[in-house]
Amino acid sequence: MGGSFMESTVHNQEIEKHRAKWYANWRFITAGIIIIMALVIAAGCYYQANHFNAQIKINGIKVGGMSADQALKELKTSVLKNVIYIGNQQILDGKDTKMVFSDKDLPDVKKLLKKQWTFFPSSKEKNFSLLPTNQDQYRNQTLKKQLEEKLIAMNKGLKAPKDAAVRLDQGKIIVANSISGEQYDVASLLKDFEKSKYISEIQLNPLYIQPIKEDSEFIKNQQKKLEEFLAQTVDYKVQDKVYPLKAGELIKNASISKDLQIKIDDSNEIKNRIAKINNTQSTLNKDFKFKTHSGSVISVKAKGYGWAIDVKKEIPRIVKAFENGKKSVSASNIYGHGWNGEGYGYDITANNGIGDTYAEVSLANQRIWIYKNGKLVVTTNVVTGTHDNRHETSPGVWYVLYKETNAVLTGRENGKITYQTPVKYWAPFTNDGQGFHDASWRGNWGSKTYLTSGSHGCVNTPPSIMQTVYANLSTYEPVIVY
């Protein structure tokens, strides 16, 4: 029994010794493995920190496993194909160029290297975009210009969009809907080109010119502007009367520009209104109601004296007044049958348009009366044109054309001079040479003289009073012959 116990004890001790030795060897091996792994990891981390991961690209160029210096060298030697796509359509194939990277770009490459670093090697794909410090003149200028020209040329064959439009049509404000087109938005595509990645194939998303929509704020502003326009009134002043011209009544068709400027397309109603005003108020070719020296009222037709509105010339002024938002406009284009087409009498409204300063010539009475400011200043017997078809003094409302002293009157018949007579005072009132003058050669001033031996149409006035008559005649003042 004792021997067996001793043997068992010795055996156990041997086992423990083997265990201790094995454990010591295991610890040594494990420490070695850890050290080796640490060295491997350290070496890997160092490598990883200085090299790009396997699936890394810069501007589409593979730089996986390369250091920053190696990657920059690869970029320097890489070729740009300069192909431009819009959507899936290739529209431009530029010439091949090299990337313009230089040593100045190394810091930026290193930044990308640092940015892509992972503790363990990564196979994740990533494409970095990097612009060189030096500008690529071909891409930034030449290729961009080629792209612009190409897009413009392509647009010529493509359907243009149509903006929504507001117009006045037959008195109603109409909004025409917009229509989409196929033309490219050149400006926006060029901006996208400037922002595109520095790679061989430039992919641009299709961008089209967009029409102004009918529900846009711009169209609403145009509608509002037209509504305000139709509520507008232009006061048209003719002599002492004012005629309100309402846009809503007179303007049926108009357009409005993008800068909110309204253009009247149809002025027929305006023309009709001005013509009506002209017919109502003008005196040209009409009969003047005239109260004679005796108090009787007669009608005398306007001849040299009288005025009318030139409707055709007046319309553009009124149209412009409406378009520019003016509140009033005065009649301007006035004409008549005067010596130079003047419309005399426009500024006179009293006494049915004749006023209170005028010369009255009665053929029946062979007498004249001259009034100044409503008062008779001189009256005298006269001899007018011989009572026949050739020489009779012309009835009508005329005006004094001009005044001249020491004049020579020349008579003509059938193109030949029939007489040349000097006079001291001369004041013509018709365009064919009838007027007031002294007649020193005349001895008979009887009231019937003109029937057989009157003048050649002029109003012969006794020399003794002609100076007074001449002094009280004023240029452009009416002469009423009846």
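Only a predicted model underlies this, so the values are computations on that prediction, with no experimental measurement involved. Nothing fancy with the numbering, it's 1 onward along the sequence.
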Check: With no hydrogens and no angle check, is any side-chain donor or acceptor of Asn333 less than 3.5 Å from a backbone partner on Asp310?
Finding: no

Checklist line | Gln135 CD: over 12 foreign heavy atoms closer than 6.0 Å | finding: no

Checklist line | Minimum heavy-atom distance Met99-Leu80, with the two atoms named | finding: CE-CD2, 3.5 Å

Margin query: If I compare all heavy atoms of Ala427 with all of Val400, which pair ends up nearest, and what's the gap?
Written below: CB-CG1, 4.3 Å

Next item on the list: Would you tell me whether Asn444 and Thr449 have side-chain atoms, one donor and one acceptor, within less than 3.5 Å of each other?
Entry: yes

Checklist line | Presence of salt bridge, Glu194 and Lys191, under 4.0 angstrom | finding: no

Check: Any side-chain heavy-atom pair from Val186 and Leu189 closer than 4.5 angstrom?
Finding: no

Note to self: Under a 3.5 Å distance rule, please check whether Gln232 uses its side chain to pair with a backbone N or O of Phe322 as donor and acceptor.
What the structure shows: yes

Item checked: Aromatic ring proximity Phe288/Tyr305, centre distance under 6.0 Å -> yes

Next item on the list: Mark yes when over 12 heavy atoms from residues, nucleotides or ligands other than Asp432 sit less than 6.0 Å from its CG; otherwise mark no.
Entry: yes

Notebook entry, point to check: When Gln366 is tested against each of Asn381, Thr384, Asn460 for side chain to side chain donor-acceptor pair (under 3.5 Å), which residue passes?
Noted result: Thr384

Next item on the list: List the atom of Val378, the atom of Thr468, and the distance in Å for their closest heavy-atom pair.
Entry: CG2-CG2, 4.1 Å

Margin query: Run the side chain to side chain donor-acceptor pair (under 3.5 Å) test on Lys104 and Asn134 for me, step by step, so that the C-alpha distance in whole Å, both residues' side-chain angles and the decisive distance to 0.1 Å come before the verdict.
Written below: CA-CA 9 Å; Lys104 291 186 290 186; Asn134 296 327; 2.9 Å; yes

Check: Is there side-chain contact between Lys327 and Asp235, with at least one heavy-atom pair below 4.5 Å?
Finding: no

Margin query: Could you check whether any side-chain N or O of Asp388 sits under 3.5 Å from a backbone N or O of Arg390, counting only pairs where one atom can act as donor and the other as acceptor?
Written below: yes

Note to self: Between Lys375 and Asp356, does any side-chain N to carboxylate O distance fall below 4.0 Å?
What the structure shows: no

Next item on the list: Answer yes or no: does atom NZ of Lys197 have more than 12 heavy-atom neighbours from other residues, nucleotides or ligands under 6.0 Å?
Entry: no

Next item on the list: Please determine, by modelled atom types, if Asn431 and His337 share a side-chain donor-acceptor pair under 3.5 angstrom.
Entry: no

Checklist line | Pairing of Glu149 and Lys144 as salt bridge, 4.0 angstrom limit | finding: no

Notebook entry, point to check: Does a donor on one side chain sit under 3.5 Å from an acceptor on the other, for Ser178 and Asp163?
Noted result: no

Notebook entry, point to check: Are Glu392 and Tyr450 close enough that a side-chain donor and a side-chain acceptor fall under 3.5 Å?
Noted result: no

Notebook entry, point to check: Arg317 versus Ser332: any side-chain heavy-atom pair under 4.5 Å?
Noted result: yes

Item checked: Residue pair Tyr425 / Asn406, side-chain donor-acceptor N/O under 3.5 Å -> no

Next item on the list: Taking the side chain as every heavy atom from C-beta outward, state whether Thr461 and Val382 have any atom pair closer than 4.5 Å.
Entry: yes

Notebook entry, point to check: For Asn279, does its backbone N or O pair with a side-chain atom of Lys286 as donor and acceptor, under 3.5 Å?
Noted result: yes

Item checked: Exam field: side chain Tyr138 to backbone Asp96, donor-acceptor pair closer than 3.5 Å -> no

Next item on the list: Mark yes when over 12 heavy atoms from residues, nucleotides or ligands other than Lys126 sit less than 6.0 Å from its NZ; otherwise mark no.
Entry: no

Margin query: Heavy-atom count check: over 12 atoms from other residues, nucleotides or ligands less than 6.0 Å from Asn389 CG?
Written below: no

Item checked: Between Asn82 and Thr97, a side-chain donor and acceptor under 3.5 Å -> yes

Margin query: Has Asp105 got a side-chain atom pairing as donor or acceptor with Thr133's backbone, closer than 3.5 angstrom?
Written below: yes

Notebook entry, point to check: Hey, does the side chain of Gln183 reach the backbone of Lys156 with a donor-acceptor pair shorter than 3.5 angstrom?
Noted result: no

Margin query: For a quick test of reading the model, state the closest non-hydrogen atom pair linking Lys312 to Pro316 and the distance between them.
Written below: O-CD, 3.3 Å

Margin query: Looking at His387, I'd like to know if its NE2 atom is crowded, meaning that more than 12 non-hydrogen atoms belonging to other residues, nucleotides or ligands lie closer than 6.0 Å.
Written below: no

Check: Name the one of Tyr399, Trp339, Phe429, Trp398 that satisfies ring-ring contact (aromatic ring centres under 6.0 Å, His included) with Tyr344?
Finding: Tyr399

Checklist line | Distance, nearest 0.5 Å, that separates CD1 of Ile86 from CG of Asn88 | finding: 11.5 Å

Note to self: Is a donor from one side chain sitting under 3.5 angstrom from an acceptor on the other, for Gln281 and Tyr243?
What the structure shows: yes

Note to self: What I'd like to find out is whether the side chain of Gln222 reaches to under 4.5 Å of the side chain of Leu260, using heavy atoms alone.
What the structure shows: yes

Note to self: For Tyr85 and Ile202: C-alpha separation, side-chain torsions, deciding distance, then whether side chain to side chain contact (heavy atoms under 4.5 Å, CB included) applies.
What the structure shows: CA-CA 6 Å; Tyr85 290 85; Ile202 302 169; over 6 Å; no

Notebook entry, point to check: Within 45° of the six-membered ring axis of Tyr470 and under 6.0 Å from that ring's centre, is NZ or CZ of Lys403 located there?
Noted result: yes

Check: At their closest point, which heavy atom of Ile264 faces which heavy atom of Glu323, and how far apart are they?
Finding: N-OE2, 2.8 Å

Notebook entry, point to check: Hey, is the main chain of Gln434 close enough, under 3.5 Å, to the side chain of Thr430 for a donor-acceptor pair?
Noted result: yes

Margin query: Assess whether a salt bridge exists between Lys271 and Glu314, defined as any Lys/Arg side-chain N lying under 4.0 Å from an Asp/Glu carboxylate O.
Written below: no

Item checked: Spatial distance of atom OG (Ser267) from atom CD1 (Ile274) [nearest 0.5 Å] -> 10.5 Å

Check: Is atom NZ of Lys150 surrounded by more than 12 heavy atoms (other residues, nucleotides or ligands) closer than 6.0 Å?
Finding: no

Next item on the list: Nearest 0.5 Å please: distance from the CZ atom of Phe218 over to the NZ atom of Lys220.
Entry: 14.0 Å

Margin query: Keeping Asn351 on the side-chain end and Ile354 on the backbone end, is there a donor-acceptor pair under 3.5 Å?
Written below: no

Check: Distance only, no hydrogens: is a donor on one side chain within 3.5 Å (strictly under) of an acceptor on the other, for Lys372 and Asn472?
Finding: no

Margin query: Taking the side chain as everything from C-beta on, heavy atoms only, tell me whether Leu284 gets closer than 4.5 Å to Trp307.
Written below: no

Notebook entry, point to check: Taking 4.0 angstrom as the limit, do Asp265 and Arg167 come out as a salt bridge?
Noted result: no

Checklist line | salt bridge (Lys or Arg N to Asp or Glu O under 4.0 Å) assessment of Glu148 paired with Lys145 | finding: CA-CA 5 Å; Glu148 181 180 16; Lys145 184 65 177 176; 3.8 Å; yes

Notebook entry, point to check: Cut-off 3.5 Å, side chains only: do Thr379 and Arg367 have a donor facing an acceptor?
Noted result: yes

Next item on the list: Heavy atoms only: give me the nearest Ser129-Asn59 pair and the separation to one decimal.
Entry: CA-OD1, 3.3 Å

Check: Is the count of non-hydrogen atoms from other residues, nucleotides or ligands lying under 6.0 Å from Arg139 atom CZ greater than 12?
Finding: yes

Notebook entry, point to check: Taking side chain as C-beta onward, heavy atoms only, is Thr380 less than 4.5 Å from Pro462?
Noted result: yes

Next item on the list: Say whether Thr357 and Glu477, considering side chains only, have a donor N or O and an acceptor N or O under 3.5 Å apart.
Entry: no

Notebook entry, point to check: Hey, does the side chain of Lys162 reach the backbone of Pro211 with a donor-acceptor pair shorter than 3.5 angstrom?
Noted result: no

Next item on the list: Indicate yes or no: at least one non-hydrogen side-chain atom of Phe101 is less than 4.5 angstrom from one of Leu72.
Entry: yes

Notebook entry, point to check: Distance under 6.0 Å and angle within 45° of the ring axis: does Lys225 meet both against Phe229?
Noted result: no

Check: Between Leu245 and Thr233, does a side chain to side chain contact (heavy atoms under 4.5 Å, CB included) hold up when you go through it step by step?
Finding: CA-CA 5 Å; Leu245 307 178; Thr233 297; 5.7 Å; no

